[in-house]
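Okay, structure first, notes after.
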Amino acid sequence: MSREETARARGLRTDYCGELRSKDVGRTVSVCGWVARRREHGEHLAFVDLRDHTGIVQCVVDGGHDLRAEHVVRVTGELRLRPEGTVNDAIPTGEVEVGASEVEILSVAEPPPFSVDGRVEAEEPVRLRYRYVDLRSERMQHNLRVRAEVNAAIRRSMDRQGFVEVETPLLWTPTPEGAREFAIPSRLQPGSFYVLPQSPQIAKQLLMVSGFDRYYQIARCMRDEDLRADRQFEFTQLDLEASFVSQEDVWEMVSDSVLEVARAVTGEEPPPVVTMTWNEALDRFGTDKPDLRFGMELVALEEAVAGTEFKAFQAEAVRAICLEGGAELGRGRLDALTDRARKLGAAGLVWLRVVGGEGQLDLESPVAKFLSTKEKAAVIEATGAGAGDLVLVVAGERAPTCRVLGQLRLDLGQPPVSERPYRFCWVTEFPLFEGVDEEGNPVAAHHPFTMPHPEDLGRLEADPLSVRSQSYDLVLNGWELGSGSIRIHRADIQRRIFALLGISEEEAESRFGFLLGAFRYGAPPHGGFAYGVDRLAAIMAGEESIREVIAFPKTQSGADLMAGSPRSLPASQLQELGLRLAPPKEAKGA
RNA sequence: GGACCUGUGGUGCAGCUCGGAGUGCACGCCGGCCUGUCAAGCCGGAGGUCGCGGGUUCAAAUCCCGUCAGGUCCGCCA
């Protein structure tokens with residue numbers, strides 16, 4: 001049986017509400033759903049809009065029926081064309097109506113706490129408390145169905161590429177690094193704990209050692225960190241790993257899946273995924289998650305102002321962005337921008353209004369007098385600015401300077417994340433380490449199993465902070481979707497990394513013993529990736545928060561307003577788990 | 001741990017700056033009228049701990065302090 005046949009209406013109904021058309025006129029149909037609205041005209045006539053997951057159809061019923069909002073009813077009757085002049089062009093079923101001969105109330109409903117039609121949107125706490133009502137809305141029905149389509153597209157792509165889906169444990173073992181973990185007490189071994197996995201990282205590497213070659217999983221992950229619009233305690237990622245591959249191979253595999261997703265959801269061919277190095281992303285966009293949907297790229301002005309008298313521009317990096325039409329910004333707005341730049345860590349912000357006409361542009365600014373005519377011309381030339389534009393310049397060390405301008409660029413120009421087009425981007429060659437810890441040891445930027453860039457292996461010990469890694473992020477419209485790397489499969493390189501990180505052999509053994517153990521029995525070269533399905537689905541659904549694509553999400557304080565979690569456990573249950581609660585903290589100032 | 005925003009009948013808002021009776025709007029709800037509506041219409045009605053606690057004041061939704069909840073962000077998220 002085809003999917004279409006099996007998905008057809010059956011049971012109590014012959015058709016779905018939203019699918020009835022003029023071609024069905026004359027048939028006796030039965031439709032089931034919720035009362036979306038009723039329009040009563042006395043005891044002999046009432047119009048009832050019946051809603052199911054496919055849409056709404058108008059039923060014409062006797063006025064005597066007590067059909068209130070959200071009652072669940074079954075209506076049977078002949079489908080007919082609406083009388084001339086009463087067609088409703090606003091809905092797909094607007095040409096027809098069900099002339100009800102039988103109305104069956106399957107379930108009565110109290111008036112809902114807020115209206116399902118979305119005309120006025122209730123605040124999030126109310127929606128979350130009555131999530132089962134909220135999920136009836138067109139918006140949430142659409143969002144969760146988009147998400148299901150995302151999952152299906154991912155599976156199609158993975159399947160096509162020969163990946164095998166393997167489930168890994170939810171009750172895992174503590175790994176004392178990375179995100180804070182959720183702990184699960186053991187009943188059979190009181191005093192011992194499982195943890196919920198922050199990702200199936202180690203498990204999937206073990207599957208490579210086991211010879212599965214290409215693994216994937218649409219995996220639930222849990223991290224006990226603070227929540228955000230794009231972060232929940234539990235989230236879903238496409239997790240994959242492949243053996244005997246280069247990073248380019250991984251990029252292709254992952255790109256195939258996200259492009260399949262974009263294609264499936266939009267029905268259009270998405271722009272190809274572009275690739276740039278971490279360094280390039282920093283120079284051009286001032287961030288490691290560039291939003292490629294708009295210009296305003298950072299411009300290097302070091303050459304233009306080389307040898308300048310202006311002290312503020314005598315710096316390692318002098319960078320600028322150009323705001324089209326920004327010259328009309330008033331003094332107050334410019335001062336606010338300067339404040340913003342300072343808060344972001346810049347020493348200051350120089351603004352230059354581009355004035356004048358064709359061929360004789362000039363710069364207008366409180367600091368213009370410190371710049372020579374030649375320098376001003378060079379700045380205009382380098383930024384490509386025209387009359388009426390505003391040039392914003394920050395000078396200082398390269399990385400912080402770029403980051404400040406990158407943020408200003410977003411403040412001034414970024415569209416909502418879900419706005420099309422969808423511009424996927426690989427950011428590659430991340431540094432292997434980011435800074436040093438209190439003891440002076442480098443800190444792993446990704447995780448300690450990340451393979452260094454082969455060209456940089458030689459200076460691993462001499463100049464670790466300059467070493468690039470074979471790790472990479474996937475970015476969509478300024479959101480980090482996920483990250484991955486080629487892993488270290490050779491014991492000698494792993495030993496050098498652990499030594500640099502200040503992890504002793506004993507410590508490594510106790511932390512990652514079973515992974516290192518597995519590597520002694522024949523580990524293939526391998527690498528992989530993971531990206532957030534919630535984030536991808538949110539963008540595809542046109543939402544700014546992943547809560548809108550999660551059926552039952554938690555609030556920022558980690559509460560489920562509907563289910564009432566978290567809450568206390570009865571003493572008997574604690575005792576069974578071998579747990580005793582610490583006394584509550586003293587009240588502040590008491 | 002920190003910053004900012006929000007909290008007013010069931011829902012969404014206005015009122016808060018400049019204190020003066022729970023004052024208003026829209027939707028919903030309840031009752032009545034109504035045979036072609038589609039955000040139906042008309043008439044009538046009910047519904048409030050102004051999140052909570054304290055303070056200032058003759059008087060607090062309004063000003064001050066604290067607190068709780070929700071949101072955005074920083075920290076955090078190898």
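Every chain is numbered from 1, with letters handed out A, B, ... down the list of sequences.
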(request) Would you mind classifying the nucleic acid contact of A:Thr555 as base, sugar-phosphate or nothing, using non-hydrogen atoms under 4.0 angstrom? (result) sugar-phosphate

(request) Just compare B:rU72, B:rG75, B:rA40 and give me whichever is closest to any side-chain atom of A:Arg547. (result) B:rU72

(request) Kindly point out which of B:rC29, B:rG12, B:rU37 is positioned nearest to the side chain of A:Arg68? (result) B:rC29

(message) Judged by each residue's nearest nucleotide on RNA chain B, which is more toward the 5′ side, A:Ser557 or A:Ala179?
(response) A:Ser557

(message) For the base of B:rU11 and the side-chain ring of A:Phe114, does the geometry meet a stacking cutoff of under 5.5 Å between centres and under 30° between planes?
(response) no

(message) Can you identify which nucleotide, out of B:rG71, B:rC29, B:rG75, has its nearest atom closest to the A:Arg228 side chain?
(response) B:rG75

(request) Determine whether the side chains of A:Arg38 and A:His65 contain a donor N or O and an acceptor N or O closer than 3.5 Å. (result) no

(request) Using atom CZ of A:Arg37 as one end and atom C1' of B:rG41 as the other, report the distance to the nearest whole Å. (result) 15 Å

(message) Which is more 5' along RNA chain B, the nucleotide nearest A:Val443 or the one nearest A:Ser545? Just name the residue.
(response) A:Ser545

(message) Using a 4.0 Å heavy-atom cut-off, does A:Arg129 contact any base of the nucleic acid, only the sugar-phosphate backbone, or nothing at all?
(response) nothing

(message) Looking at B:rU72, I'd like to know if its phosphate oxygens (OP1 or OP2) sit under 4.0 Å from a side-chain N or O belonging to A:Gln556.
(response) yes

(request) Would you mind classifying the nucleic acid contact of A:Glu43 as base, sugar-phosphate or nothing, using non-hydrogen atoms under 4.0 angstrom? (result) nothing

(request) Using a 4.0 Å heavy-atom cut-off across all strands, classify A:Glu480 as base, sugar-phosphate, or nothing. (result) nothing

(message) Measuring to OP1 and OP2 of B:rU37, would you say a side-chain N or O of A:Arg82 lies under 4.0 angstrom away?
(response) no

(request) Provide, to the nearest angstrom, the distance between the CG atom belonging to A:Asp226 and the C1' atom belonging to B:rG1. (result) 9 Å

(request) Heavy atoms only: give me the nearest A:Ile497-A:Pro452 pair and the separation to one decimal. (result) CD1-CG, 4.1 Å

(request) Please work out if A:Pro113 contacts a base, only the sugar-phosphate, or nothing of the nucleic acid, heavy-atom cut-off 4.0 Å. (result) sugar-phosphate

(message) Taking any heavy-atom pair under 4.0 Å as a contact, classify A:Glu124: base, sugar-phosphate, or nothing.
(response) sugar-phosphate

(message) For the base of B:rG36 and the side-chain ring of A:His41, does the geometry meet a stacking cutoff of under 5.5 Å between centres and under 30° between planes?
(response) no

(message) Among B:rC29, B:rU72, B:rG12, which nucleotide has an atom closest to any side-chain atom of A:Ala229?
(response) B:rU72

(message) What is the distance, to the nearest angstrom, from the CZ atom on A:Arg39 to the C1' atom on B:rG36?
(response) 10 Å

(request) Counting heavy atoms from C-beta on, name the nucleotide in B:rU37, B:rC73, B:rC13 closest to the side chain of A:Glu123. (result) B:rC13

(message) Restricting to non-hydrogen atoms, name the atom on A:Glu95 and the atom on A:Ser22 that form the minimum distance, rounded to 0.1 Å.
(response) OE1-OG, 4.0 Å

(request) Provide the closest heavy-atom pair for A:Cys17 versus A:Thr54 in the form atom of the first, atom of the second, distance. (result) N-OG1, 3.5 Å

(request) Kindly indicate whether the side chain of A:Arg231 and the base of B:rC76 share any N or O donor-acceptor pair separated by less than 3.5 Å? (result) yes

(message) Can you tell me which nucleotide in B:rC29, B:rC76, B:rU37 comes closest to the side chain of A:Glu225?
(response) B:rC76

(message) What's A:Arg80 touching, base or sugar-phosphate or nothing? Going by heavy atoms closer than 4.0 Å.
(response) base

(request) Could you tell me which nucleotide pairs with B:rG66 by Watson-Crick or G-U wobble geometry, both distances under 3.5 Å, or answer none if nothing does? (result) B:rC52

(request) Give a yes-or-no answer on whether the side chains of A:Glu429 and A:Asn279 include a donor-acceptor pair shorter than 3.5 Å. (result) no

(request) Mark yes or no for a side-chain to base donor-acceptor pair under 3.5 Å between A:Glu40 and B:rU37, with no hydrogen or angle criteria applied. (result) no

